[in-house]
Number of protein chains: 2
Amino acid sequence: MGSDRAFKDAIYEQIARVGRAVDHPRRLELLDLLCQGPMTVEQLARKSAMSVSSTSQHLQHLREARLVRVEHRGTFRVYELTDEATCELFRTLRGLAQRYYAEMSAITEAFLRDREALEALDTVALQQRLTQESLTLLDVRPTEEYAVGHWPGAVSLPVEELAGRLAELPKDQTIVAYCRGPYCVLSLHAVEMLRKNGYRAIRLADGVSDWKAQGFPVVGVKGVS
Amino acid sequence: MGSDRAFKDAIYEQIARVGRAVDHPRRLELLDLLCQGPMTVEQLARKSAMSVSSTSQHLQHLREARLVRVEHRGTFRVYELTDEATCELFRTLRGLAQRYYAEMSAITEAFLRDREALEALDTVALQQRLTQESLTLLDVRPTEEYAVGHWPGAVSLPVEELAGRLAELPKDQTIVAYCRGPYCVLSLHAVEMLRKNGYRAIRLADGVSDWKAQGFPVVGVKGVS
DNA sequence: CCATTAATCAATGGATTTGTTGAATATAGT
DNA sequence: ACTATATTCAACAAATCCATTGATTAATGG
């Protein structure tokens with residue numbers, strides 16, 4: 001019954017559903033956040049500095065495309081990525097942007113230079129330094145993200161609490177702070193504050209999903225309910 | 001100078017450039033075609049059944065996102081994918097659509113059932129059958145696509161010329177026809193015509209870029225000028 | 001320099017998408 | 001049942017995107 005043309009139109013329309021879901025900066029930010037683990041609408045709204053209503057609508061857009069699914073829990077709705085492939089999609093798009101657009105590194109370098117924060121480790125460099133010296137690994141994301149998955153042995157210390165809990169950290173070791181990934185600013189602020197207070201500190205550019213994709217171990221607290 | 005928020009906005013805006021390039025069915029069709037090799041605007045327009053003007057505009061959209069680049073050759077402009085990663089992007093999106101949307105297989109199966117063409121090989125199955133019997137591999141795409149890259153040993157016989165050149169084909173061997181990929185209809189028509197004329201024929205679902213991605217060999221004619 | 005061919009540009013109206021606002025819904029606890 | 005909280009829904013104006021049409025540019029061959 002369907003003509004060749006109608007068939008092709010239908011197929012490409014389906015593929016475009018994926019594209020349309022990731023054609024908006026805010027939706028990409030939501031995906032990036034959801035790569036850290038399941039979150040409620042309100043959490044996502046706060047972390048992305050969007051209104052709840054707007055967040056909800058974008059989430060429904062993502063849901064239409066099956067990139068995320070929702071679970072009702074009391075009056076909350078917990079959104080999460082459909083599966084690993086969704087996180088991989090985000091990483092693929094981010095990688096292509098890095099690869100193709102000079103603006104990407106220009107923006108990043110200008111921003112980091114202003115903050116004297118160009119220096120950073122990647123996962124491989126970290127792995128190597130860990131064989132040579134003893135480091136303190138600091139996860140500065142909110143605790144619920146730490147709970148979902150973190151570097152084995154990393155200490156959880158959300159950046160908002162950092163100022164009040166500096167005393168917990170050793171001054172004789174270099175502190176490596178990480179957060180959500182190369183474009184997340186939490187570890188930036190953490191390193192800045194640590195250095196101001198006389199600590200030796202450096203940022204890890206990669207986030208959990210990055211090193212997980214590279215095959216490095218991630219530990220999480222199971223059965224969060 | 002830039003605030004955290006401005007930085008994030010700028011970054012996600014860059015990533016969204018990729019997404020916006022692939023949010024339209026017609027642009028995905030163009031990418032799919034360009035996975036077969038470089039083509040002029042007029043070729044792309046014809047193969048996608050779009051107007052030249054519309055094709056040109058979509059190509060510029062793709063070019064803005066650096067997914068394709070253009071080379072001037074006389075009064076022609078030859079568009080081609082920027083690199084392998086662009087083809088991989090298309091295959092990723094197509095894969096997610098297959099994975100997430102039941103509509104994808106529903107559409108395909110309904111279409112194929114109508115044509116009694118559900119039966120098909122994939123690359124692995126072909127490889128295996130090649131060890132057991134002698135098959136004729138038929139590349140039914142236009143010759144210029146065959147020239148860019150094809151299965152080693154495949155015979156080029158564009159589907160439009162098939163009717164007039166049936167005599168060139170052996171009746172004692174099964175003929176395996178392939179084209180651009182799982183959603184291309186060329187091999188469908190080829191198999192239909194072959195069977196009507198008493199040949200044993202079957203479709204290969206995968207296309208060149210699919211088996212190339214799986215590590216199978218592809219041969220092409222170098223130095224096309 | 002003119003004609004031809006290939007492709008882009010420009011302008012149009014129509015359709016889709018977006019952010020905002022405030023109202024509606026749904027669940028849990030009292 | 002009433003209240004509070006979390007989220008979605010509905011509606012609207014602003015912005016963006018799209019296909020079509022016809023004009024324009026650019027290169028080639030005479």
Side-chain angles (χ1 to χ4, degrees), chain A residues 5-6 8-9 12-31 33-34 38-65 67-80 144 225, chain B residues 5-6 8-9 12-31 33-34 38-65 67-80 144 225:
Chain A
R5 193 62 246 167
K8 281 191 196 173
D9 284 349
Y12 289 115
E13 173 58 33
Q14 292 301 312
I15 306 178
R17 285 171 74 183
V18 183
R20 269 198 300 276
V22 293
D23 73 354
H24 196 287
R26 293 281 160 283
R27 282 194 285 275
L28 289 162
E29 183 163 6
L30 291 175
L31 280 185
L33 286 167
L34 286 168
M39 296 180 198
T40 69
V41 178
E42 195 273 336
Q43 284 178 317
L44 286 162
R46 184 161 30 79
K47 292 177 187 183
S48 66
M50 283 195 269
S51 75
V52 168
S53 185
S54 195
T55 304
S56 172
Q57 279 170 236
H58 280 302
L59 285 169
Q60 281 167 69
H61 208 139
L62 289 171
R63 195 155 74 117
E64 195 287 324
L67 300 191
V68 307
R69 61 197 151 133
V70 66
E71 199 177 308
H72 294 234
R73 197 167 295 173
T75 92
F76 293 88
R77 306 217 170 163
V78 180
Y79 279 86
E80 68 184 322
E144 72 268 14
S225 74
Chain B
R5 193 63 246 169
K8 281 190 196 172
D9 284 350
Y12 289 114
E13 172 58 34
Q14 292 301 311
I15 305 178
R17 285 171 73 182
V18 183
R20 270 198 299 276
V22 295
D23 72 356
H24 196 289
R26 294 279 159 288
R27 282 194 285 276
L28 288 162
E29 182 164 7
L30 291 175
L31 280 184
L33 285 167
L34 286 169
M39 296 180 196
T40 67
V41 177
E42 196 273 335
Q43 284 177 316
L44 286 163
R46 184 161 32 77
K47 293 176 186 183
S48 65
M50 283 194 270
S51 75
V52 169
S53 186
S54 196
T55 304
S56 173
Q57 280 170 235
H58 280 301
L59 285 168
Q60 280 167 70
H61 209 138
L62 289 171
R63 195 155 72 116
E64 195 285 325
L67 300 190
V68 307
R69 60 196 151 130
V70 65
E71 200 177 307
H72 294 235
R73 198 168 294 172
T75 94
F76 294 88
R77 305 215 173 166
V78 180
Y79 279 84
E80 66 184 322
E144 72 268 15
S225 75

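Side-chain atoms are counted along with the backbone in the values below, which use heavy atoms only and exclude waters and symmetry mates. Note that the structure is predicted; figures quoted are calculated from it, not measured. Just so we're on the same page: letters track the sequence lines, and every chain starts at 1.
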(message) Working to the nearest 0.5 angstrom, can you tell me the gap between A/Ser48 OG and A/Leu34 CG?
(response) 10.0 Å
(request) Flag the pair A/Gln60 / A/Glu64 as yes when at least one side-chain heavy-atom distance between them is below 4.5 Å, and no otherwise. (result) no
(request) Considering just the side-chain nitrogens and oxygens of B/Gln60, establish if one lies under 4.0 Å of OP1 or OP2 belonging to C/dA7. (result) no
(request) Answer with base, sugar-phosphate or nothing: what part of the nucleic acid does B/Val52 contact at a heavy-atom distance below 4.0 Å? (result) base
(message) Tell me which residues in residues 16-24 of chain A lie within less than 4.0 Å of DNA chain D, going by non-hydrogen atoms.
(response) none
(message) Nearest to the side chain of B/Tyr79, heavy atoms from C-beta on, is which of C/dT20, C/dT8, D/dT8?
(response) C/dT8
(message) I want to verify a distance call: between D/dT8, C/dA7, D/dA6, whose nearest atom is closest to the B/Glu42 side chain?
(response) C/dA7
(request) List the steps, then state whether side-chain hydrogen bond (donor to acceptor under 3.5 Å, both in side chains) holds for B/Gln14 with B/Arg17. (result) CA-CA 5 Å; B/Gln14 292 301 311; B/Arg17 285 171 73 182; 2.8 Å; yes
(message) Between A/Arg27 and C/dT18, is there a contact of a side-chain N or O with OP1 or OP2 at under 4.0 Å?
(response) yes
(request) Test B/Arg5 against A/Glu29 for salt bridge (charged side-chain N to carboxylate O under 4.0 Å, His left out), laying out the working first. (result) CA-CA 12 Å; B/Arg5 193 63 246 169; A/Glu29 183 163 6; 2.7 Å; yes
(message) Using a heavy-atom cut-off of 4.0 Å across all strands, would you classify B/Arg63 as base, sugar-phosphate, or nothing?
(response) nothing
(request) Could you check which of D/dT8, C/dA7, D/dT20 has an atom nearest any side-chain atom of B/Ser54? (result) D/dT20
(request) Look only at the side chain of A/Arg63 and the backbone of A/Arg69, and say whether a donor-acceptor pair between them is shorter than 3.5 Å. (result) no
(message) Between P on C/dG19 and CG on A/Leu59, what's the gap in Å once rounded to a whole number?
(response) 13 Å
(request) Quickly work out the A/Leu62 CG to D/dT7 P distance and round it to whole Å. (result) 16 Å
(request) Write down the distance between CD (B/Glu64) and P (C/dC9), rounded to a whole number of angstrom. (result) 13 Å
(request) Ignoring the backbone of A/Phe76, work out which of D/dT7, D/dT8, D/dT21 is nearest its side chain. (result) D/dT7
(request) Measure the distance from CG on A/Leu28 to P on C/dT18 and round it to the nearest whole Å. (result) 12 Å
(message) For A/His58 and A/His72, find the nucleotide of DNA chain C closest to each by heavy atoms; which residue's nucleotide sits nearer the 5' end?
(response) A/His58
(message) Heavy atoms only, 4.0 Å cut-off, all strands: where does B/Ser53 land among base, sugar-phosphate and nothing?
(response) base
(message) Nearest whole Å is fine: how far is D/dA10 C1' from A/Gln57 CD?
(response) 9 Å
(request) Take atom CZ of A/Arg73 and atom C1' of C/dA26, then tell me their distance rounded to the nearest Å. (result) 17 Å
(request) Indicate yes or no for a side-chain donor-acceptor contact from A/Gln43 to the backbone of A/Thr40 under 3.5 Å, with no hydrogens or angles considered. (result) yes
(request) Rounded to the nearest 0.5 Å, what's the gap from CE on A/Met50 to OG on A/Ser56? Could you check? (result) 10.5 Å
(message) Taking 4.0 Å as the cut-off, does a side-chain nitrogen or oxygen of A/Arg26 come that near to OP1 or OP2 on C/dT18?
(response) no
(message) In whole Å, I'd like the distance from the CD atom of B/Glu13 to the P atom of C/dT18.
(response) 13 Å
(request) Figure out the CZ/P separation between B/Arg77 and D/dT25, and round it to whole Å. (result) 14 Å
(message) Could you tell me if B/His58 and B/Arg26 have a donor-acceptor pair between their side chains, going purely by distance under 3.5 Å?
(response) no
(request) Between D/dG22, D/dT7, D/dT28, spot the one nearest the side chain of B/Thr75, thanks. (result) D/dT28
(request) Kindly point out which of D/dC18, D/dT7, C/dT18 is positioned nearest to the side chain of A/His61? (result) C/dT18
